[in-house]
Amino acid sequence: MSQKIGDNGDLALAEALKTNSTLITLDLGSRSIGDNGCLTLAEALKTTSTLTTLNLRSNKIGENGGLALAEALKTNSTLTTLDLYSNSIGDTGCLALAEALKTNSTLTTLNLGYNSIGDTGCLALAEALKTNSTLTTLNLRNTSIGDTGDLALAEALKTNSTMVTLNLERNRIRGNEIRGNGAQALAEALKTNSTLTTLNLGYNLIGDNGGQALAEALKTNSTLTTLNLDSNSIRENGGQALAEALKTNSTLTTLDLGNNSIGDNGDLALAEALKNNSTLVTLDLENRSIGDNGCLALAEALKTNSNLITLNLGHSSIGDTGCLALAEALKTNSTLTTLNLRDTSIGDIGCLALAEALKTNSTLTTLNLEFNRSIGDTGGQALAEALKINSTLTTLNLGHSSIGENGGQALAEALKTNSTLTTLNLKNTSIGDTGCLALAEALKTNSTLTTLNLEHNSIRIVGLQAFSEVFKTNSTLTTLDLFYNGIFDTIDVELYMSLKTNSTLTTLNLGCKSIEVSKLQELAEALKTNSSLITLNLQSNSIEDNGAQALAEALQINSTLTTLCLQNNSIGCNGVQALALALKTNSTLTTLDLQDNSTGDKGAQALSEALKTNITLTTLDLRHNSIGSNGARTLAETLKINVVLTSLYLQNNLIGDNGALALSEALKTNSVLSTLDLWGNSIGNNGALALSEALKTNSTLTTLYLQNNSIRSKGAQALSEALKANSTLTTLSFWNNSIGDNGAKALADALKSNSTLAILILASNLIGDNGALALSEALETNSTLMTLELQNNLICDNGAQALHQVSLSTRCNIGH
């Protein structure tokens, strides 16, 4: 459970560590310990003699905390793993840690991802790596280091003899001569480095030049086993070069080329390489326009390749032609275990071929055919026949296909004898009552299936009743999804009564079923004795106050449920008050979804009172509940003392500027809330001004939704000032306000110094060319913003051209 420890807790822990002689692992992730807590822990690290692993991720640790930990590492002789992911140690903290690494002789793993380190900190780390002889894993994911830092790391890798894993994903590394030689420098280092086994360069836009340089290095490198080049703008030349390298490379086992555009020629080259390569086991080519020629070539390679075990071709257009070729290959291939063909335009013809292959194939364990809507009952029946014989497949995903009742019945018949399948996804496949009845009958004897997804299948009361018998006898099913079935029917009481004795089901989704209140009381009764269910979804069931009261009574006794979804159930004040009363004693529920009900201000007051003492609820969703400014004020008072709630959703609640003022005041002292949703609350400029003051000192909020709030340029300017001081907010949405060019200019000015904001949504804000030009200029120096949404504004050619130009030289994804 994520919660604030507090200064006293920090001191107590630190004091205990000084004398404790047994503790080896301490996990303090997401505890909001901050710099003060980190300082006390650092002191303890100087004397502790047993601790080897310390997790401090997501703790709002800044430069001072980083400095203190670095000082401790100079003398500590036991710590091997330090996780500082998603903090704010910055260049200063990183410089200190780098200095410590020069003398520390025990640390093997250091995670600095999401820390806004930049090139300065990276240069220091690189210098330390030249002499450090123990560090084996370094994570610098999303740290804004760019080519300069990368060049330094590459230089260090030429002499470092211990580093085995280096993560540089989502930085600003490029491969072209105009923007620098980051990827090329790394490639040069790989030619002589003899220890690095994993290199992650995903989402870095290294292009063909970077791809070709790395390919050249792979021809001589003999240690690298994993290379991630996902989303790097690599095209045919880079793809062909990498394929050529695979012909002689004898160590690489995993290659990710997803979201690149290597084209048919690149695919043909890879296929040719697979015929000779004897080490690659995982190849990811997802989200690419693989043509018939490329797929046919890959399939041909699979006939002789004897080492590939995972092939990802999802979101491509291989169609039946490509599928026929792959199926033919599966008949002789004896190594492939996972094949992803999600959304690949496969129909019955391709599915029949795959089914035929499964009858003889003895290695494939996972087959993903989701979102292939042209697979009908013929394809479903063919796969079912194959399952009667196949003895290796454990996961089959047919979601969003069109197998219908006949396909459902056939699969059910197969489950009676199949003894290996554990997961079956039949979401939105139109199997209806007939298919559901057949599946329920099969589950009475099947002893291997653990997860069954039947969401959105037009299953009515007859099919649902059948599962009451299943719950009584089946002892393996843990997850059942029946969402959006039986919309106009009632559900048999026996289905709920069977839950009283069932001891295996952990997740049950009964959303959108129009459950009668009298029947819901039976479900509530079952929850009083059920000891396995942890997630229950009752969304859109019109349970009203009486149903909520019955569930509330069950929650006072139940000790396993952690997530309860009651969205859109016509629950009023009385029902919410009953649930609030239950929260005062319940000690397991962590997530409560009450969106689209009629809580009102009185219901909000009851929940606020409960949250003053409740110590487990971390997420509360009250969207569309008309709590008003009074409800917001009571919740705000609670936020001043509550130490566990991390996410609060208040979209469309009529809280106005007064409600926003109260919540802003609470944010000044609250130290745990990370997500606040105020979408559509008419907070206006006054509310925005209040929030801006709070953000100047708040150190935990990471996500703030302010869409559709009548905020003008004045409000945007105030929030912009806050962004200059705030160091934790990563997501800010201004969608559908009217901040105009002046507001955009103010935000642009803030982006020049802000180093944490990653997502900024400014769509529909009357922003013109002047605002776009200002934002473009800011992005030239900002190194953290990854997404900027500017759709539906008044941006003309000049602004659009500026935005396009800056998008070519930064990693920011700009929508306009």
Side-chain angles (χ1 to χ4, degrees), residues 258 264 267-268 270-271 274 283-303 305 308 310-390 392-404 406-408 410-411 414 421 423-431:
D264 261 353
D267 290 330
L268 289 167
L270 280 173
L274 287 177
L283 178 59
D284 191 336
L285 298 174
E286 187 173 16
N287 204 19
R288 291 197 41 258
S289 300
I290 299 174
D292 285 345
N293 291 335
C295 192
L296 289 169
L298 285 169
E300 196 61 31
L302 285 178
K303 291 179 181 178
N305 180 283
L308 201 68
T310 299
L311 178 60
N312 185 356
L313 298 175
H315 299 286
S316 59
S317 302
I318 67 171
D320 281 337
T321 303
C323 191
L324 283 165
L326 287 169
E328 195 60 32
L330 287 176
K331 291 179 181 178
T332 53
N333 180 281
S334 60
T335 55
L336 202 67
T337 61
T338 300
L339 179 59
N340 182 4
L341 298 176
R342 185 179 193 266
D343 191 19
T344 49
S345 304
I346 296 171
D348 278 339
I349 294 173
C351 196
L352 282 165
L354 283 171
E356 197 59 32
L358 286 176
K359 291 179 181 178
T360 54
N361 180 282
S362 60
T363 54
L364 202 68
T365 59
T366 300
L367 177 59
N368 187 352
L369 293 171
E370 190 176 19
F371 285 102
N372 282 292
R373 297 186 185 279
S374 296
I375 296 178
D377 55 359
T378 302
Q381 288 170 328
L383 286 170
E385 278 305 306
L387 287 176
K388 292 178 181 178
I389 303 168
N390 179 282
T392 53
L393 203 68
T394 60
T395 300
L396 177 59
N397 189 345
L398 289 171
H400 299 277
S401 62
S402 306
I403 66 170
N406 292 335
L411 286 167
L421 203 69
T423 300
L424 179 59
N425 182 0
L426 297 177
K427 177 182 179 180
N428 196 16
T429 51
S430 305
I431 66 169

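Just so you know, these numbers come straight off a predicted model, no measurement behind them.
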Do you know the tightest heavy-atom contact between [X] and [Y]?
X    : Y    : answer
Q381 : N406 : NE2-CB, 3.4 Å
L326 : A299 : N-CB, 3.7 Å
G347 : D320 : N-OD1, 2.8 Å
A414 : A384 : CB-O, 3.3 Å

Mind checking whether [X] and [Y] have side chains closer than 4.5 Å, heavy atoms only?
X    : Y    : result
R288 : N312 : no
S401 : N372 : no
I431 : I403 : yes

Check each of L336, T338, N305 against L311 using the side-chain contact (heavy atoms from CB on, under 4.5 Å) test, and report the only one that passes.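 Single pass found, and it is L336.
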
For a side-chain contact (heavy atoms from CB on, under 4.5 Å) with C295, tell me which candidate from T344, T321, I318 qualifies.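 Only one of T344, T321, I318 forms a side-chain contact (heavy atoms from CB on, under 4.5 Å) with C295, namely I318.
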
What is the distance from atom [atom1] of [X] to atom [atom2] of [Y], rounded to the nearest 0.5 Å?
X    : Y    : atom1 : atom2 : value
D284 : L313 : CG    : CG    : 9.0 Å
I290 : L285 : CD1   : CG    : 5.0 Å
L426 : E370 : CG    : CD    : 11.0 Å
L352 : I346 : CG    : CD1   : 12.0 Å
E286 : H315 : CD    : NE2   : 5.0 Å
N397 : L367 : CG    : CG    : 8.5 Å

For [Y], is there any backbone N or O sitting under 3.5 Å from a side-chain donor or acceptor partner on [X]?
X    : Y    : result
N333 : L302 : yes
N368 : G314 : no
T394 : T365 : yes
S402 : S374 : no

side-chain contact (heavy atoms from CB on, under 4.5 Å) assessment of E300 paired with L274: CA-CA 10 Å; E300 196 61 31; L274 287 177; over 6 Å; no

Partners of D348 by side-chain hydrogen bond (donor to acceptor under 3.5 Å, both in side chains), sequence neighbours excluded?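 side-chain hydrogen bond (donor to acceptor under 3.5 Å, both in side chains) check on D348 returns nothing, list empty.
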
